[in-house]
Colleague: 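Encoded as structure tokens, here's the structure I'll be asking about.
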There are 2 protein chains.
Amino acid sequence: MNLRELEYLVALADQRNFRRAAEICGVSQPTVSTQLKKLEEELGVALVERVPRNVIFTAAGQEALARARRILDEVAQMRGDAARHGESGTTRLRLGVFPTLAPYLLPHIVPRFIAGFPDVELLLTEEKAIFWCVVWSRARSMPRFGLAGP
Amino acid sequence: MNLRELEYLVALADQRNFRRAAEICGVSQPTVSTQLKKLEEELGVALVERVPRNVIFTAAGQEALARARRILDEVAQMRGDAARHGESGTTRLRLGVFPTLAPYLLPHIVPRFIAGFPDVELLLTEEKAIFWCVVWSRARSMPRFGLAGP
DNA sequence: TGGTTTTACGGAAAGCGTAAATATG
DNA sequence: CATATTTACGCTTTCCGTAAAACCA
């Protein structure tokens with residue numbers, strides 16, 4: 001199964017017509033036809049009845065359609081989330097500390113850090129052998145200060 | 001974007017290890033690597049931090065992961081629905097009537113039909129020129145009787 | 001006959017595996 | 001040196017468009 005096929009299914013439901021559905025999806029009409037057939041074969045059920053001048057969704061088709069809409073909606077929201085993260089010029093900070101020290105250090109550092117730099121994404125790792133601190137920045141201010149340790 | 005990529009993302013979250021994630025998905029490990037990179041490029045955001053001996057999900061990655069799980073769950077349920085429809089040996093009946101007669105006929109026929117044959121999928125069409133009735137059956141009894149008209 | 005969908009087939013693109021390279025401890 | 005991930009490259013599969021055929025009003 002493929003997200004593209006689900007788009008064809010939704011477009012076909014909206015248009016009740018293969019030609020217009022293909023137009024909306026920006027592909028040729030045989031593509032919609034073959035891909036929908038493939039989807040039906042994969043699911044093992046007829047999703048639509050091809051009645052001349054009308055496309056009727058079967059019961060199975062209506063269930064699949066509802067799920068397809070939800071799926072595509074989730075995909076759109078995933079893209080929206082990602083775009084938001086991308087735009088925000090997030091600074092990311094990865095911080096590794098000794099496991100033995102973590103319980104003492106982190107409760108002091110983390111809340112102050114989040115309060116001071118809400119836009120900075122904080123990644124914590126417990127490491128056995130090293131104490132290191134790396135800052136990536138794709139943006140303006142690199143908040144190095146205030147993080148040197150106790 | 002592709003459903004397969006989302007499966008790789010989820011597997012990687014479960015395993016926190018590219019090699020094991022690939023194994024679970026039944027593909028080679030470079031495939032998981034390249035496909036995940038492709039997904040990140042498409043979304044424009046880093047989803048995971050590749051720390052040696054550990055895979056850490058970024059904030060963006062965690063959001064995407066949650067949506068990926070929901071999407072794949074919907075897909076699984078879609079397959080389940082379809083399988084149920086396929087197994088049930090559904091009989092489908094397509095019935096066309098004159099638009100002028102429909103209001104008089106259907107209120108009598110449809111409820112009795114559904115009551116009598118709950119497993120039969122009923123498809124109604126309003127046609128201008130014909131009165132036709134077709135029954136497909138992939139199963140045992142073809143319920144032709146009781147449908148000849150008013 | 002006109003409009004719609006399906007089938008057939010060739011070309012373009014994407015997915016994948018093997019092997020080599022890179023990074024890390 | 002051993003483990004884990006990425007890059008490179010070729011092969012296979014899938015997707016898609018054009019053209020022709022089938023279907024129906």
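Worth saying up front: this structure is predicted, and the values here are computed from it rather than measured. Per chain, numbering begins at 1; letters A, B, ... match sequence-line order.
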Colleague: Taking side chain to side chain donor-acceptor pair (under 3.5 Å) as the definition, give me every residue that meets it alongside A:R53, ordered by chain and number, with sequence neighbours left out.
Modeller: none
Colleague: Pull out every residue in residues 24-33 of chain B that has a heavy atom closer than 4.0 Å to any atom of DNA chain C, ordered by number, or say none.
Modeller: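 Of all residues in residues 24-33 of chain B, the ones placing a heavy atom under 4.0 Å from DNA chain C are B:G26, B:V27, B:S28, B:P30, B:T31.
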Colleague: Whole-Å distance between C:dA14 C1' and A:Q35 CD?
Modeller: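 Answer to the nearest Å: 13 Å.
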Colleague: Taking side chain to side chain donor-acceptor pair (under 3.5 Å) as the definition, give me every residue that meets it alongside B:E40, ordered by chain and number, with sequence neighbours left out.
Modeller: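 Here the qualifying residues are B:R50.
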Colleague: For A:F18 and D:dC24, what is the distance between atoms CZ and P respectively, to the nearest whole Å?
Modeller: 15 Å
Colleague: Roughly how many Å is it from CZ in B:R16 to P in D:dA4, rounded to a whole number?
Modeller: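 Value for this atom pair: 14 Å.
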Colleague: What are the two closest heavy atoms between B:V45 and A:A82, and how far apart are they?
Modeller: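 That closest heavy-atom pairing would be CG2-O, 3.0 Å.
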Colleague: How bent is the helix from C:dT1-D:dA25 to C:dG25-D:dC1, comparing axes over its five end pairs at each side, to the nearest 10°?
Modeller: 30°
Colleague: Distance check needed: D:dT7 P versus B:L36 CG, whole Å only.
Modeller: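 Rounded to whole Å, this separation is 12 Å.
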Colleague: Measuring to OP1 and OP2 of C:dG15, would you say a side-chain N or O of B:K38 lies under 4.0 angstrom away?
Modeller: yes
Colleague: Atom CZ of A:R53 and atom P of C:dT4: how far apart are they, to the nearest Å?
Modeller: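 The answer, rounded to whole Å, is 6 Å.
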Colleague: Restricting to side chain to side chain contact (heavy atoms under 4.5 Å, CB included), what partner residues turn up for B:Q35, sequence neighbours left out?
Modeller: B:E5, B:Y8, B:T31, B:K38
Colleague: Suppose the criterion is salt bridge (charged side-chain N to carboxylate O under 4.0 Å, His left out): which pairs have a residue in residues 22-34 of chain B, not counting sequence neighbours?
Modeller: B:R19-B:E23
Colleague: Within this structure, what is the CG-to-P distance between B:N54 and D:dT5, rounded to whole angstrom?
Modeller: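 In whole Å, D:dT5 P and B:N54 CG are 10 Å from each other.
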Colleague: Once you round it to whole Å, what is the distance between C1' of D:dC23 and CZ of A:R50?
Modeller: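 Value for this atom pair: 14 Å.
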Colleague: Please name all residues satisfying side chain to side chain donor-acceptor pair (under 3.5 Å) with B:N2, sequence neighbours left out, ordered by chain then number.
Modeller: none
Colleague: Who are the side chain to side chain contact (heavy atoms under 4.5 Å, CB included) partners of A:D73, not counting sequence neighbours?
Modeller: A:Q77
Colleague: Nearest heavy-atom pair of B:A60 and B:A46: which atoms, and what distance?
Modeller: CB-O, 4.1 Å
Colleague: Does any pair with a residue in residues 9-18 of chain A pass salt bridge (charged side-chain N to carboxylate O under 4.0 Å, His left out), and if so which ones, sequence neighbours excluded?
Modeller: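 Qualifying pairs: A:D14-A:R69.
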Colleague: So, does A:K37 get its side chain near the phosphate of C:dT7, meaning an N or O under 4.0 Å from OP1 or OP2?
Modeller: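 Answer yes for this pair, as a side-chain N or O of A:K37 is under 4.0 Å from OP1 or OP2.
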Colleague: In residues 2-12 of chain B, what residues come within less than 4.0 Å of DNA chain D, judged by heavy atoms?
Modeller: none
Colleague: Could you tell me how far apart B:M1 (CE) and C:dG15 (C1') are, to the nearest whole angstrom?
Modeller: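 After rounding, the reported distance stands at 17 Å.
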Colleague: Could you tell me which residues satisfy side chain to side chain contact (heavy atoms under 4.5 Å, CB included) with B:A64, sequence neighbours excluded, listed by chain and number?
Modeller: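 Once residues adjacent in sequence are excluded, the partners of B:A64 under the side chain to side chain contact (heavy atoms under 4.5 Å, CB included) criterion are A:M78, B:L9, B:L47.
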Colleague: Listed by chain and number, what are the side chain to side chain donor-acceptor pair (under 3.5 Å) partners of B:R4, not counting sequence neighbours?
Modeller: none
